[in-house]
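See structure below.
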Amino acid sequence: MGAMTTNAMPAELAALDTRRKQQRRPDPSHLDTWMERLGRVEAFVAATGDFPRSSHALPMSETLLYRWVLTQRRRGLSPAYRTILDERIPGWDDPVHLWDQAFALRVQELKIYRDAYGKWPSLRSTDPRVAALAGWVNNTRTAAKEGALAPDRQALLDSQVPGWNDTVEQTWQRTAREIAEFTARNGRKPSSGSGEHSERRLARWTDDRRRGRNMTPERDAFLDDVLPGWRIGMKGGRPRMAA
């Protein structure tokens, strides 16, 4: 065996270094599997508005996605791999930034849904996007109850979607006040014939109350107080006022 100078790299280490460098370049033999995992993470982020996490309370499928992303952050990825990740899941290497972006997006989606329908998304919705949004709302409410919701995130929700963490009764009373404010502002009650979806929603809510839907003596009294004359137009009550 020939002599080796002290400045030379041992053959075993040289081979290991070569293998490491090769692993940092997209390898066609592994790229399909890598892209398939990336697709799962991308779908998870799109569905939940958040990055996968790891916890005993979470499904193993989410934990596995979390571990995959964590591995990408820790590896010395080549520019080719990083470019793919940057395009498909921006912020993958800055989870705090990504979580903030995803949270803000969810808040905006909730605001749009609430403004359009006047109710909270339901887990029973046949639309998977609505059901996913409902799951997010429930999880966020739980986090707030347990004191685990960051103050800046709670402030964002409070400002953009007032009442997001209200009880059923608080939500009911908030809608009644919304109708009272509409009536005071416009000099009339919401109309079911309006071209505005938000106004038709308030009109339907009022009609449901006139029919006695989900009413109690306490709710009756509350409406009498904040929305005098709300019974006008109900069967057996005072007639509708002429136009």
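Quick note: residue numbers are just sequence positions, from 1.
- To the nearest 0.5 Å, atom OG1 of residue Thr206 and atom CZ of residue Phe182 are 10.0 Å apart.
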(request) For the pair Met35 and Ile84, evaluate side-chain contact (heavy atoms from CB on, under 4.5 Å) and give the outcome as yes or no after the intermediate values. (result) CA-CA 9 Å; Met35 290 294 291; Ile84 296 172; 4.0 Å; yes

| Candidate pair Asp208 and Arg211, rule side-chain contact (heavy atoms from CB on, under 4.5 Å), full reasoning | CA-CA 5 Å; Asp208 284 343; Arg211 297 186 184 101; 3.3 Å; yes

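- Contact annotation: the side chain of Ser78 never approaches that of Thr83 to less than 4.5 Å [non-hydrogen atoms, C-beta and beyond].
- Using a 4.5 Å heavy-atom cutoff, the side chains of Val137 and Leu110 are in contact.
- Taking each heavy atom of Gln170 and Thr167 in turn, the nearest pair found is OE1-N, 2.8 Å.
- In this structure, Arg40 is not positioned above the aromatic face of Trp68 in the sense of NZ or CZ being under 6.0 Å from the six-membered ring centre and within 45° of the axis.
- A 4.5 Å side-chain heavy-atom check between Arg231 and Asp224 finds at least one atom pair inside the cut-off.
- Leu64 places a side-chain heavy atom less than 4.5 Å from the side chain of Arg67.
- Taking each heavy atom of Ala144 and Gln154 in turn, the nearest pair found is CB-OE1, 4.2 Å.
- In this structure, Ile89 and Glu42 approach most closely via the heavy-atom pair CG2-CA, 3.9 Å.
- Linking Ile, Leu, Val, Met, Phe, Trp and Tyr residues whenever their side-chain heavy atoms come within less than 4.5 Å leaves Leu123 and Phe44 in two separate clusters.
- By the criterion of side-chain heavy atoms lying less than 4.5 angstrom apart, applied directly or through intervening Ile, Leu, Val, Met, Phe, Trp or Tyr residues, Tyr117 is grouped together with Leu133 in one hydrophobic cluster.
- With values rounded to the nearest 0.5 angstrom, Gln72 atom CD is found 6.0 Å from Trp34 atom CH2.
- Screening Lys189, Glu178, Glu196 against Leu202 for a side chain to side chain contact (heavy atoms under 4.5 Å, CB included) leaves a single residue, Glu178.
- Separating the CG atom in Leu85 from the CG atom in Asp93 is a distance of 8.5 Å, to the nearest 0.5 Å.
- The environment of CD in Glu36 is crowded: more than 12 heavy-atom neighbours from other residues, nucleotides or ligands sit within 6.0 Å.
- Cation-pi geometry between Arg201 and Trp205 is not met at under 6.0 angstrom from the ring centre and within 45 degrees of the axis.
- Contact between Ala47 and Ala132 at its shortest, heavy atoms only, is O-CB, 3.2 Å.
- Between Asp220 and Met215 the shortest side-chain heavy-atom distance falls below 4.5 Å.
- Here the side chains of Trp172 and Arg209 are in contact, with some heavy-atom distance below 4.5 Å.
- Within 6.0 Å of CZ in Arg213 there are 12 or fewer heavy atoms belonging to other residues, nucleotides or ligands.
- Residues Arg219 and Asn214 form a side-chain contact, since some pair of their non-hydrogen atoms from C-beta on lies under 4.5 Å apart.
- Here Ser122 contributes atom OG and Asn138 contributes atom CG; the two are 9.0 Å apart, rounded to the nearest 0.5 Å.
- For the ring-ring contact (aromatic ring centres under 6.0 Å, His included) test, no residue two or more places apart in sequence or in another chain qualifies with Trp164.
- To the nearest 0.5 angstrom, Asn186 atom CG is 9.5 Å from Ser194 atom OG.
- Judged by distance alone, with hydrogens and angles left aside, the side-chain atoms of Asp225 form no donor-acceptor pair with the main-chain N or O of Ala221 at under 3.5 Å.
- With hydrogens and angles disregarded, no donor-acceptor distance shorter than 3.5 Å links the side chain of Arg141 to the backbone of Asn165.
- Minimum heavy-atom separation, Ala104 to Leu156: CA-CD2, 4.1 Å.
- A salt bridge (Lys or Arg N to Asp or Glu O under 4.0 Å) with Glu199 is found for one member of Arg204, Arg188, Arg185 and no other, namely Arg188.
- When side chains are defined from C-beta on, Val161 counts as touching Trp120, because their heavy atoms get closer than 4.5 Å.
- The minimum heavy-atom distance between Pro121 and Ala134, with the atom names listed, is O-CB, 3.3 Å.
- Under the 6.0 Å distance and 45° angle rule, Arg73 does not count as a cation-pi partner of Trp92.
- The CG atom of Leu38 sits 11.0 Å away from atom OH of Tyr81, with the distance rounded to the nearest 0.5 Å.
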